[in-house]
Amino acid sequence: MQIVGHTTQQEVYAASRQRPFRINELLLIEDKVHNYPLGEVVETQSFNRYIPLVTEHSDLVDRRVRENLAQLGYDIEADTIHLARIRILAELVSPVSVGIAVRVPAFKEIEDFLIPRDPDTGLVLGVIRGTEELTSGLPANLTNVALLYQKDKGVLPQRGIPYIMDHWTWPEYPHIGIFGGSGSGKSFALRVLLEEVMWQQLPALVLDPHFELSFTEAFPDLPPPYRGDFARRSTVLMAGRDVGILFEELNGADLLALLQAAGEVTENMNNAIQTLHHRRDSFTSFSNRLRDLTQGLEEEQDLKRRLREDAGGDPWEKREIERILALVAKYKDRVGHVSTLRAISRRLNRLHMERVFTSGIEPIQEAILNRRLVVVQGPIWFLQVLGAYVIRKFYRERRQYQDAEQTGEEAPKFPPFLVATDEAHNFAPRSPEIPAPARSILRTIAQEGRKYGVFLLLASQRPALLEDTITAQLNTKLIFRTIRSSDLDVIREETDLGPEEIRRLPYLGSGNAFVSSASVGRTIAVRIRVAKTVSPHSRHPFLELREDFIPPEEKLRKALLQCLPLGDFNFDVHLGALQQKLRRQISIEEITHCLEGMVIDGVIEKEEMLLGVEYRQRKD
Ligand SMILES: Nc1ncnc2c1ncn2[C@@H]1O[C@H](COP(=O)(O)OP(=O)(O)O)[C@@H](O)[C@H]1O
Ligand SMILES: [Mg+2]
């Protein structure tokens with residue numbers, strides 16, 4: 001292998017007679033002047049007698065390269081020639097000369113370049129593509145730390161150098177984005193990342209609208225040394241059942257965000273909410289105030305008349321009327337129309353019915369303080385509100401703690417933490433018209449979270465729909481297969497992926513990604529490792545049907561087959577046992593129906609006997 005030309009200082013062509021080049025492979029250029037720079041193959045092509053280089057017009061080969069090849073002794077009409085375009089991974093002061101040899105490096109020669117940390121102190125996410133040939137030269141501590149998976153072949157040994165993300169660089173280069181179309185491997189990668197986060201015991205809050213991020217079930221067929229006990233390091237909580245928002249802790253802005261999640265909130269409604277909500281209000285005190293005021297505004301004249309009549313001498317009723325009229329007097333001019341109050345009540349009741357206010361966020365806080373990964377599951381609208389509330393609160397506490405540390409004041413301890421979510425564009429949509437309670441706090445963290453050790457880990461299949469300030473702040477991006485052109489545009493703008501990588505994006509296989517990272521300063525092609533856990537509902541839906549949703553008729557058929565031969569004259573003999581077995585009432589009629597069905601389907605036979613009909617096993 002040798003250099004046969006260059007375009008710029010950063011890009012060279014190499015040719016070989018024997019060995020085809022592989023995309024993304026790393027090669028060492030034996031150029032002493034430039035201190036043996038490394039290069040990465042970004043494009044390859046092979047030529048031979050049948051695909052001649054001279055006639056076949058190719059983007060890859062220009063006239064100069066052809067001339068160089070000829071000068072270097074290649075017979076471009078007859079030889080098999082493998083060609084590669086190589087991106088040099090170092091800053092060169094002058095171009096590499098033509099004719100210089102190129103070879104596969106030994107692991108030792110690229111170790112510092114590719115391994116930022118050892119696997120115990122970094123996040124082992126997969127293998128670096130194009131380094132497969134170096135597998136056998138790896139030291140023991142880098143071998144089989146990232147097993148791979150292929151759908152038809154199952155779990156496979158590690159091939160290639162492990163890709164280890166150095167999370168210790170996050171304070172400088174914070175936040176991670178995972179982007180890719182549906183089925184490209186985002187959720188799988190998010191799971192792998194979160195496993196590593198747990199392994200490092202980084203406290204993390206995960207919002208899980210898909211109910212898929214629990215870590216109790218091991219990935220099938222993993223060799224024992226590769227497994228890990230993630231159940232012990234994670235907590236899964238259900239919004240509305242295990243966690244919620246205590247009404248007493250809400251301020252006016254929180255309440256507004258919550259009500260917005262339950263339906264559109266007009267400017268009038270907002271004014272009314274801000275006016276009527278008092279600090280430390282309970283759900284009851286607030287909703288009673290709403291109710292009484294609504295009644296007061298509707299029946300003001302009636303109530304006044306009733307008061308003039310001294311409420312028929314009933315002192316209790318009189319006091320009630322006075323109270324309600326006082327409310328009316330106090331708020332009348334500031335809360336708008338009765339219909340506004342009604343609309344607020346409807347939204348409030350919806351939240352109440354969804355059990356938003358029944359519990360607090362203590363379980364989340366406790367998990368974070370114990371350096372666990374806490375997954376909050378629930379419908380997306382609920383998570384948007386709860387997430388916004390919790391993240392804002394935790395971020396405030398973290399800042400207060402850290403600021404107090406610096407000024408020497410006292411504040412409750414609060415650790416650095418991560419916020420992770422799939423479908424991030426729902427939590428922080430780009431379009432300002434879409435209400436999103438969490439958008440502003442996520443934006444704040446994107447911009448300044450690193451100072452406080454608060455980091456984002458956001459996955460989305462629609463980067464074009466994610467708030468753009470946030471996208472711009474994601475210093476590391478894992479880009480999976482992407483087809484949609486609007487998303488490709490964002491990727492082109494917001495990553496350092498080159499044109500050839502962008503060209504390959506629509507064709508990437510599931511689980512393959514380009515990692516564009518400001519801390520590394522270049523793009524790395526990665527295959528994400530096999531996850532150590534699986535989502536509890538990752539069974540094929542039709543397999544699930546077969547296993548968990550056996551129709552009652554099917555069960556009865558099975559049970560009846562075991563009773564054959566069976567006559568319609570002795571059904572009652574079996575009825576008790578059948579009912580017990582299937583744990584339900586069964587009628588004679590149903591049995592007849594089922595047996596007749598099996599006769600029609602050709603599963604069993606029937607014969608008219610003297611006493612009646614007999615059903616029996618088919619003879620053939
Ligand atoms: N790293 C990987 N290795 C092997 N197969 C993968 C990998 N990532 C994803 N896959 C395959 O692709 C499928 C879809 O991945 P998933 O993460 O659910 O996609 P997405 O979340 O992007 O829609 C998975 O069920 C799995 O079969
Ligand atoms: Mg997914």
Side-chain angles (χ1 to χ4, degrees), residues 24 123-132 144-165 176-197 206-215 217-223 226 228 375 377 380 383 420-427 457-466 477-484 487-488 490-491 505-515 524-544:
N24 295 124
L123 313 181
V124 185
L125 300 186
V127 297
I128 300 175
R129 295 180 71 197
T131 62
E132 291 79 3
N144 280 335
V145 293
L147 300 190
L148 301 177
Y149 172 71
Q150 207 174 308
K151 226 176 187 165
D152 43 346
K153 295 190 180 142
V155 178
L156 302 169
Q158 171 185 326
R159 270 182 50 74
I161 297 178
Y163 169 66
I164 302 173
M165 183 184 275
I176 296 174
I178 301 179
F179 299 130
S182 170
S184 62
K186 283 178 316 296
S187 300
F188 205 96
L190 183 61
R191 170 174 294 276
V192 167
L193 240 162
L194 293 176
E195 285 172 1
E196 293 295 315
V197 161
V206 184
L207 303 175
D208 177 18
H210 291 160
F211 297 83
E212 64 182 4
L213 287 168
S214 67
F215 297 88
E217 215 165 301
F219 198 94
D221 305 324
L222 282 186
Y226 193 69
V375 181
Q377 301 184 326
I380 193 142
L383 291 184
T421 165
D422 209 341
E423 307 294 355
H425 59 276
N426 284 322
F427 292 93
L457 172 44
L458 305 178
S460 168
Q461 51 178 320
R462 295 306 320 278
L465 302 185
L466 183 63
K477 298 189 183 78
L478 281 69
I479 313 290
F480 290 81
R481 182 175 57 245
T482 303
I483 296 165
R484 217 187 274 255
D487 293 329
L488 285 170
V490 173
I491 290 164
L505 271 182
Y507 311 103
L508 281 186
S510 297
N512 292 337
F514 291 115
V515 182
I524 306 177
V526 168
R527 170 143 193 92
I528 299 296
R529 67 166 173 78
V530 65
K532 301 184 181 188
T533 53
V534 280
S535 153
H537 56 202
S538 62
R539 233 179 333 160
H540 194 289
F542 298 158
L543 192 63
E544 183 188 340

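Throughout, residue positions are numbered sequentially from 1 according to the sequence presented. Order of appearance sets the numbers: ligands from 1, and atoms from 1 within every ligand.
Near Arg527, meaning under 4.0 Å from one of its heavy atoms, ligand 1 places the atoms 3 (N), 4 (C), 5 (N). In the vicinity of Phe188, heavy-atom distances shorter than 4.0 Å reach the ligand 1 atoms 1 (N), 2 (C), 7 (C), 8 (N), 9 (C), 17 (O). In the vicinity of Arg529, heavy-atom distances shorter than 4.0 Å reach the ligand 1 atoms 1 (N). Ligand-side atoms of ligand 1 in range of Ser182: 23 (O), range being under 4.0 angstrom from any heavy atom. Annotation for ligand 1: atoms under 4.0 Å from non-hydrogen atoms of Gly181 are 22 (O). Of all atoms in ligand 1, listed by their number and element, those nearer than 4.0 Å to a heavy atom of Lys151 are 27 (O).
Note on ring orientation: taking the six-membered ring where Trp is involved, the planes of Tyr149 and Phe219 are perpendicular (angle over 60°, cut-offs 30° and 60°).
Using modelled atom types, no side-chain atom of Glu196 and backbone atom of Leu194 make a donor-acceptor pair closer than 3.5 Å. Listed for the Ser187 side chain is no donor-acceptor partner under 3.5 Å among the backbone atoms of Gly185. When atom types are taken as modelled, the side chain of Glu195 and the backbone of Lys532 share a donor-acceptor pair closer than 3.5 angstrom. Of the possible polar contacts, one joining the Arg481 side chain to the Leu508 backbone as a donor-acceptor pair under 3.5 Å is found. The closest donor-acceptor contact from the side chain of Asp208 to the backbone of Leu213 lies under 3.5 Å.
Annotation: side chain of Ile491 is not in contact with side chain of Phe514 (no heavy-atom distance under 4.5 Å). Annotation: side chain of Leu457 is in contact with side chain of Ile178 (closest heavy-atom distance under 4.5 Å).
The protein non-hydrogen atom at the shortest distance from atom 1 (N) of ligand 1 is Ile528 O, 3.0 Å. When only non-hydrogen protein atoms are considered, atom 5 (N) of ligand 1 lies nearest to Tyr149 CD2, 3.6 Å. Scanning the protein for heavy atoms near atom 11 (C) of ligand 1, the closest one is Ser510 CB, 4.0 Å. Protein heavy atom closest to atom 21 (O) of ligand 1, with residue, atom name and distance, is Ser187 OG, 2.7 Å.
Side chain to side chain, Arg191 and Thr533 meet the donor-acceptor criterion of an N or O pair below 3.5 Å.
Taking backbone and side-chain atoms together, Ser182 has no N/O/S atom less than 2.8 Å away from the Mg ion (ligand 2).
Considering Gly183, Ala459, Gly126 only, the shortest heavy-atom separation from atom 20 (P) of ligand 1 involves Gly183.
Below 3.5 Å of separation, one finds an N or O of Gly185 facing an N or O of ligand 1. Checked by distance only, ligand 1 and Ser184 come closer than 3.5 Å through their nitrogen or oxygen atoms.
For atom 25 (O) of ligand 1, the protein comes within 4.0 Å by no heavy atom at all.
A side chain to side chain contact (heavy atoms under 4.5 Å, CB included) with Tyr226 is found for exactly one of Val530, Asn144, Val155, namely Val530.
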